[in-house]
Amino acid sequence: MDSLSGLALGFGNAFSLVNLAWALLGCFLGTAVGVLPGIGPALTIALLLPITFSVNATGAFILFCGVFYGAMYGGSTTSILLNTPGESGSIITALEGAKMARNGRAGPALATSAIGSFVAGTVGTLGIAFLGPVIVEWALVLGPAEYFTLMVLCFVTVSAVLGSSALRGLTSLFFGLLLGLVGIDLQTGQPRLTFGVPELLDGVNVVLVAVALFAVGEALYMAWHHHAGKQEVLEVGRLMLSKEDLKRSFWPWIRGAGLGFPFGVLPAGGTEMPTMLSYYAERKLVDPKYAPEFGTTGAIEGVAGPEAANNAAAAGILVPMLTLGIPTSATAAIMLSAFQSYGINPGPLLFTQQAELVWTLIASLFIANVMLVVLNLPLVGLWVRILKIPVPQLYAGILVFATIGTYGISNSVIDLVILYALGVVAMFMRRFDFPVAPVVIGMILGPMAEQALRQALTISQGDWTVFVTRPGSALILGLALVALVGPKLYGAWTARRA
């Protein structure tokens, strides 16, 4: 099915009242959690995962993607009004957005952020619709050896490149791989790491691990580090963009969207790098008469560009997840676990076996973008009030929802013990700066990598050189090696030059 036919099918389904309701609910929840500092889309989708046992797949994924897109929009609100980024991708927005707010221009900052998010979200979703089928055609020629090395590349980039420490990232990854080994070996039928507990024979539920790491761990950590004090929320003022503001914002929106999407598609892209590059690009390209505003009164280009890059990168993250079954962020990893809850395996065959689901989801992303502009600008007063929810009550509510949702999955007390045990582990991981995302990615991709490894060795009759003699797998292994040692070598070279 070509992209235009797929979109026609998708919009036909997406405009049903039920799917529109799921999209609206996802956008509303996503904006709310994006506004609240420390509560991102990964935590929210983790809390919502138990609904996969009672809601159809299309409705659930429309909800999850609405939350994901909405959080990208909402994160800019706290960056601008509170100088506290709600999401990592909104850190750069705070540099100029908060300064604009302090100088009475919070309204234009929020408006350029929302419109830029809409432009970039639309560009990114078009990218998913037209680039997705192209990647699928390429992925269909990959064999087990290429898939295994592709997963190795994902492990390395997510664990060793994105965190502050490669060692900590790889430690988190191996913890996730260990959790993925629990249960019965599918090839030999032997139980692994079950310690005589019958409930572990089916393995540790990915939903349970996601909720423990992102909801329980986060709540316990925030309770541990909570300090009383009142934050100052700046006034919003007039939201309209003047002709001059619109003219100054237009090209930063386009450049930001063009820069962000490719970074989202890459295994180690994320949202932090493109927002930073967009910010520095806008500082270089700004009209000289507006240059003094950067870092002083706040330049609108420094908000428009990074916000567009942030949202385009967020859309790009969905491409490798849907086409290759490889998550490149914590949120994508949790959504991948939701696919597994429905018995659906994202990958090259998803666009043919689940065409209706995929194209309805992509069409709903276009609809969600329009909904988010409507929700964000007129209802900004509501989002400001959400910032006044007391932190202790907020995190207590998260713990209650996490406990009820987890117990509802299997009515097992063992699951609750695992939930809080992993929650305490996650709390200490946060305390000692161990990234949490590699744990979920390792747990989900670990069994898939093991299966691909065994298939490759079976086909090659146990010849391990298959991973370096096949051009595709050798190239991917080379990229993984560069990603692992490249930053260290470059750092040593620059230090030596200095």
* Would E96 and R102 count as a salt bridge (charged side-chain N to carboxylate O under 4.0 Å, His left out) if you check the C-alpha gap in whole Å, the side-chain angles of each, and the deciding distance to 0.1 Å? -> CA-CA 10 Å; E96 300 300 319; R102 285 202 177 87; over 6 Å; no

* Asked: Can you tell me if S249 and T112 form a side-chain donor-acceptor pair at under 3.5 Å?
  -> yes

* **Donor-acceptor under 3.5 Å (N311 side chain, A120 main chain)** => no

* **Nearest atoms (heavy-atom pairs only) where L181 meets E450** => CD2-OE1, 4.3 Å

* Are I344 and Q354 close enough that some pair of their side-chain heavy atoms sits under 4.5 Å apart? -> yes

* Structure fact -> Rounding to 0.5 Å, atoms CD (E307) and CE (M72) come to a distance of 9.5 Å

* Asked: Yes or no on side-chain contact (heavy atoms from CB on, under 4.5 Å) for I45 and M335, after CA distance, side-chain angles and deciding distance?
  -> CA-CA 8 Å; I45 295 172; M335 282 201 270; 4.3 Å; yes

* Atom CG of D433 and atom CZ of R168: how far apart are they, to the nearest 0.5 Å? -> 5.5 Å

* Examine the side chains of Y73 and N310 and answer whether a donor and an acceptor come within less than 3.5 Å of each other. => no

* Assess whether side-chain contact (heavy atoms from CB on, under 4.5 Å) is satisfied between L208 and L422, documenting all intermediate values. => CA-CA 9 Å; L208 186 154; L422 288 176; 4.3 Å; yes

* Structure fact -> Heavy-atom closest pair (G256 atom, S278 atom, distance to 0.1 Å) is CA-OG, 4.1 Å

* **Nearest atoms (heavy-atom pairs only) where N56 meets T58** => OD1-N, 3.1 Å

* Asked: Do V439 and L173 come close enough that some side-chain heavy atom pair is under 4.5 Å?
  -> no

* Asked: Which distance, rounded to the nearest 0.5 Å, do you find between the CG of D185 and the CG of L193?
  -> 11.0 Å

* Taking the side chain as C-beta and beyond, is there a heavy-atom pair between T360 and F11 under 4.5 Å? -> no

* Evaluation steps, side-chain contact (heavy atoms from CB on, under 4.5 Å), between E301 and F294 -> CA-CA 9 Å; E301 293 89 347; F294 272 93; 4.1 Å; yes

* Asked: Hey, do the aromatic rings of Y221 and F428 have their centres closer than 6.0 Å?
  -> no

* Report the C-alpha distance between F434 and F175 in whole Å, list the side-chain angles of each, state the deciding distance to 0.1 Å, and finish with yes or no for ring pair (Phe, Tyr, Trp, His ring centres under 6.0 Å). => CA-CA 11 Å; F434 282 81; F175 178 51; over 10 Å; no

* Test N19 against S16 for side-chain contact (heavy atoms from CB on, under 4.5 Å), laying out the working first. => CA-CA 5 Å; N19 287 337; S16 71; 3.3 Å; yes

* Asked: Between atom CD of E356 and atom CG of N13, what is the distance when rounded to the nearest 0.5 Å?
  -> 4.5 Å

* Asked: Is there side-chain contact between N345 and M448, with at least one heavy-atom pair below 4.5 Å?
  -> no

* So, do T93 and Y279 sit near enough that their side-chain heavy atoms are less than 4.5 Å apart? -> no

* Structure fact -> On a heavy-atom basis, the closest approach of T52 and L49 is OG1-O, 2.7 Å

* To do: Measure across M429 and P435 and return the closest heavy-atom pair with its distance rounded to 0.1 Å.
  => CE-O, 3.4 Å

* Structure fact -> Rounded to the nearest 0.5 angstrom, the CG-CG distance for L322 and L131 is 11.5 Å

* Working to the nearest 0.5 Å, report the span between OG of S117 and CH2 of W253. => 10.0 Å

* **Close side-chain approach of L170 and F155, heavy atoms under 4.5 Å** => no

* Grab the two heavy atoms, one from V440 and one from A333, that are nearest each other, plus how far apart they are. => CG1-CB, 3.7 Å

* **Check against ring pair (Phe, Tyr, Trp, His ring centres under 6.0 Å), W22 and F64** => CA-CA 9 Å; W22 283 122; F64 294 159; 9.1 Å; no

* Asked: Is the number of heavy atoms from other residues, nucleotides or ligands under 6.0 Å of D202 CG greater than 12?
  -> no

* To do: Apply side-chain hydrogen bond (donor to acceptor under 3.5 Å, both in side chains) to the pair Y69 and T125, showing each step before the final yes or no.
  => CA-CA 11 Å; Y69 268 32; T125 309; 3.0 Å; yes

* Asked: Hey, are the side chains of I317 and T331 touching, using non-hydrogen atoms and a 4.5 Å cut-off?
  -> no

* To do: Determine whether I326 and L336 make a side-chain contact, defined as any pair of heavy atoms from C-beta on separated by less than 4.5 Å.
  => no

